[in-house]
Amino acid sequence: MDHRTRADDERLPERLSTAGRALAGCGSVDRVAEALRDLVADGALVPGTRLPEEPTSSALGVSRNTLREAFRLLTREGLLRHELHRGVFVRSLTAADVRDVYRFRRVLEFAAVDGPHEPAGLQRVQEAVDEGRAARRRGDWEAVATANMHFHSALVALAGSARMDESMRHLLAELRLAFVVVPDLRPFHEPYLQDNGRIAEHLEAGERGRAGRLLASYLDRAEAQLLAAHGTTGERRGQTDR
C-alpha cells in the first residue's frame, strides 16, 4: 500500500541531499545504509516511496554500486523491497511484522530496564522525555513520535551493549513504517508521554520492577493499537508485499 503524499515526493530530493552532505564523502555501504535507515526511522521515507537508483546515488554522493549494496542490506532488514522491472521501494509492514517487532522489543527493553543503570544513561532517558514534552507544547506530533523513538533507544542503551543498540535501531526503523496506518498521531502518542515520564522516574529512583511492569503494560497497549489500525488489510497486504 502506498502511503506517500505529494509533499513527501517533493521533499524527498532535499532529504536525500541532506543525508548525502552528512556522509561527507565517507559513503561506505554501511554508512549509506545507516543514512537511509535513519530517514525511515525519522519518518522521512514512508511506505510506497520509490528510490530510483540514479537520482538517489547522485543525491547521496555515492556510486550506484555502493547504493545497490546498501539497498540489498536494507531489503534483508525488511525496510525496502525490490520489484522486478520497477525498482526499489520502502516497504509496508504487515500485522505479522508488527507482532514480531514487539516480540523482539520486549526482549531488548525488559533486559535493559532490569539491569544496572549509569547516571549518564538515565540522563539520556530523561532528555528524551523532555524532548517529547517540548514537541507536544509545539503541537508537533511527528516530533513527538520521533522523541518517543529516542526514549526507547535510550532505554535499551542503558544495557551498555552495542549489539542491543544496533538491533533496536533496526527495530525502530521498521516500527516507524507501521505508524503510517495511524490516522491521527496525537491520540496515539500523547498518552505515552506521561508513561515515559513515569518510567524515567521509576528508573531514577531505582524502582526497576515498577518501571518494568509499567513498560509491559505500555508495550501491550501500543501493540494492540497498531494491530487494530492495521486490521485485516495489513494481513492481506503482506501476501504480496514480501
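The structure displayed is predicted, hence computed values, not measured ones.
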S.K.: Using the rule that two of Ile, Leu, Val, Met, Phe, Trp, Tyr join whenever any of their side-chain heavy atoms come within less than 4.5 Å, decide whether Leu73 and Leu16 are in one cluster.
M.R.: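 Hydrophobic grouping puts Leu73 apart from Leu16.
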
S.K.: Cut-off 3.5 Å, side chains only: do Gln126 and Asp130 have a donor facing an acceptor?
M.R.: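 Yes, side-chain donor-acceptor contact under 3.5 Å.
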
S.K.: List the steps, then state whether side-chain hydrogen bond (donor to acceptor under 3.5 Å, both in side chains) holds for Glu109 with Tyr102.
M.R.: CA-CA 10 Å; Glu109 296 192 49; Tyr102 272 85; over 6 Å; no

S.K.: According to side chain to side chain donor-acceptor pair (under 3.5 Å), who are the partners of Ser153, at least two apart in sequence or on a separate chain?
M.R.: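 For Ser153 there are no side chain to side chain donor-acceptor pair (under 3.5 Å) partners, ignoring immediate neighbours.
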
S.K.: Just verifying a value: how many Å separate Asn196 CG and Phe151 CZ, rounded to the nearest 0.5 Å?
M.R.: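 CZ of Phe151 is found 4.0 Å from CG of Asn196.
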
S.K.: Identify the heavy atoms of Val46 and Val90 that sit nearest to each other, and give their distance.
M.R.: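 Reported closest heavy-atom pair: O-CB, 3.3 Å.
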
S.K.: Just by modelled atom types, is the Asp114 backbone N or O under 3.5 Å from a matching donor or acceptor in the Arg208 side chain?
M.R.: yes

S.K.: Could you tell me which non-hydrogen atom of Met164 sits nearest to which non-hydrogen atom of Val156, and how far apart they are?
M.R.: O-CG1, 3.7 Å

S.K.: Is it the case that the side chains of Tyr218 and Glu223 hold a donor-acceptor pair, with the cut-off being a distance below 3.5 Å and no angle test?
M.R.: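 Looking only at side-chain atoms, Tyr218 and Glu223 do not form any donor-acceptor pair under 3.5 Å.
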
S.K.: Less than 4.5 Å apart, side chain to side chain, heavy atoms only: is that true for Ile199 and Val125?
M.R.: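 Contact flag for Ile199/Val125 side chains = no.
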
S.K.: Please determine whether residues Val129 and Leu122 belong to a single hydrophobic cluster, defined as Ile, Leu, Val, Met, Phe, Trp and Tyr linked transitively by side-chain heavy-atom distances below 4.5 Å.
M.R.: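 Yes: a chain of side-chain contacts under 4.5 Å links Val129 to Leu122.
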
S.K.: Find the distance between CZ (Phe89) and CG (Leu79) and round it off to the nearest 0.5 Å.
M.R.: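 Between atom CZ of Phe89 and atom CG of Leu79 there are 16.0 Å.
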
S.K.: With a 4.0 Å cut-off on N to O distance, would you call Arg198 and Glu201 a salt bridge?
M.R.: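 So Arg198 does not pair with Glu201 through a salt bridge.
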
S.K.: To the nearest 0.5 angstrom, please state how far the CZ atom of Arg136 sits from the CD atom of Glu131.
M.R.: 13.5 Å

S.K.: So that I can tick it off, tell me whether Glu118 and Arg124 are bridged by a salt bridge, with the cut-off set at under 4.0 angstrom between side-chain N and carboxylate O.
M.R.: no

S.K.: So does Arg163 have more than 12 non-hydrogen atoms from other groups sitting under 6.0 Å from CZ?
M.R.: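 No, not enclosed.
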
S.K.: Could you tell me if Glu166 and His170 have a donor-acceptor pair between their side chains, going purely by distance under 3.5 Å?
M.R.: yes

S.K.: For the residue pair Leu67 and Val29, establish whether any side-chain heavy-atom pair is separated by less than 4.5 Å.
M.R.: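 No, too far: nothing below the 4.5 Å cut-off.
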
S.K.: Sub-3.5 Å donor-acceptor pair from the side chain of Arg50 to the main-chain atoms of Arg86, do we have one?
M.R.: yes

S.K.: Please give me the minimum heavy-atom distance between Ala143 and Asp140, naming the atom from each residue.
M.R.: N-OD1, 3.0 Å

S.K.: Indicate yes or no: at least one non-hydrogen side-chain atom of Arg37 is less than 4.5 angstrom from one of Glu77.
M.R.: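 Sidechains of Glu77 and Arg37: in contact.
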
S.K.: I'd like to know if the side chain of Ser161 and the backbone of Ala157 have a donor-acceptor N/O pair within less than 3.5 Å.
M.R.: no

S.K.: Is the distance between the ring centroids of His189 and Phe179 under 6.0 Å?
M.R.: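 His189 vs Phe179: aromatic centres under 6.0 Å.
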
S.K.: Applying side chain to side chain donor-acceptor pair (under 3.5 Å), can you list everything that pairs with His117, at least two apart in sequence or on another chain?
M.R.: none

S.K.: From Leu93 CG over to Leu177 CG, what is the distance, rounded to the nearest 0.5 angstrom?
M.R.: 5.5 Å

S.K.: Rounded to the nearest 0.5 Å, how far does CD of Glu34 lie from OG of Ser28?
M.R.: 8.5 Å

S.K.: Where the side chain of Arg81 meets the backbone of Val88, is there a donor-acceptor pair that is under 3.5 Å apart?
M.R.: no

S.K.: Is there a donor-acceptor pair under 3.5 Å between the side chain of Ser217 and the backbone N or O of Leu214?
M.R.: no

S.K.: Which heavy-atom pair separates Ala19 from Leu39 by the least distance, and what is that distance?
M.R.: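 Shortest heavy-atom separation between Ala19 and Leu39 comes out as CB-CD1, 4.2 Å.
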
S.K.: So, do Leu215 and His152 sit near enough that their side-chain heavy atoms are less than 4.5 Å apart?
M.R.: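 Yes, close enough: below the 4.5 Å cut-off.
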
S.K.: May I ask you to decide if Leu45's main-chain N or O and Thr49's side chain share a donor-acceptor pair within less than 3.5 Å?
M.R.: no

S.K.: Hey, are the side chains of Arg213 and Val113 touching, using non-hydrogen atoms and a 4.5 Å cut-off?
M.R.: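 With C-beta onward as the side chain, the pair stays apart.
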
S.K.: Minimum heavy-atom separation for Ser92 to Pro47, with atom names?
M.R.: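 That closest heavy-atom pairing would be OG-CB, 3.4 Å.
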
S.K.: Assess whether atom CD of Gln194 is packed by more than 12 heavy atoms of other residues, nucleotides or ligands within 6.0 Å.
M.R.: no

S.K.: Starting at CD of Glu174, measure out to CZ of Arg105 and round the result to the nearest 0.5 Å.
M.R.: 12.0 Å

S.K.: Tell me, do Arg137 and Arg133 make a side-chain contact under 4.5 Å, heavy atoms counted?
M.R.: yes

S.K.: Could you go step by step and tell me if Arg176 and Asp38 meet the salt bridge (Lys or Arg N to Asp or Glu O under 4.0 Å) rule?
M.R.: CA-CA 10 Å; Arg176 193 63 181 249; Asp38 287 346; over 6 Å; no

S.K.: Could you pull out all residues at least two apart from Asp30 that satisfy side chain to side chain donor-acceptor pair (under 3.5 Å)?
M.R.: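 Expected list: none.
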
S.K.: Tell me if a side-chain donor or acceptor on Ser57 pairs with a main-chain N or O of Glu53 at a distance below 3.5 Å.
M.R.: yes

S.K.: Does the side chain of Leu36 come within less than 4.5 Å of Leu60's, by heavy atoms?
M.R.: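 With C-beta onward as the side chain, the pair touches.
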
S.K.: Donor-acceptor pair, Arg91 side chain versus Gly78 backbone, under 3.5 Å?
M.R.: yes

S.K.: Search all heavy atoms of Ala112 against all heavy atoms of Leu158 and return the closest pair with its distance.
M.R.: O-CB, 4.2 Å

S.K.: Can you find a pair of side-chain heavy atoms, one from Val144 and one from Glu190, that are under 4.5 Å apart?
M.R.: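 No, side chains not in contact.
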
S.K.: When you measure from the side chain of Asp97 to the backbone N and O of Thr94, does any donor-acceptor pair fall under 3.5 Å?
M.R.: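 The answer is yes, because a donor-acceptor pair under 3.5 Å joins these two groups.
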
S.K.: Do Leu219 and Leu172 belong together in a cluster built from hydrophobic side chains that touch within less than 4.5 Å?
M.R.: yes

S.K.: Salt bridge check: are Arg221 and Asp195 linked by an N-O gap of less than 4.0 Å?
M.R.: yes

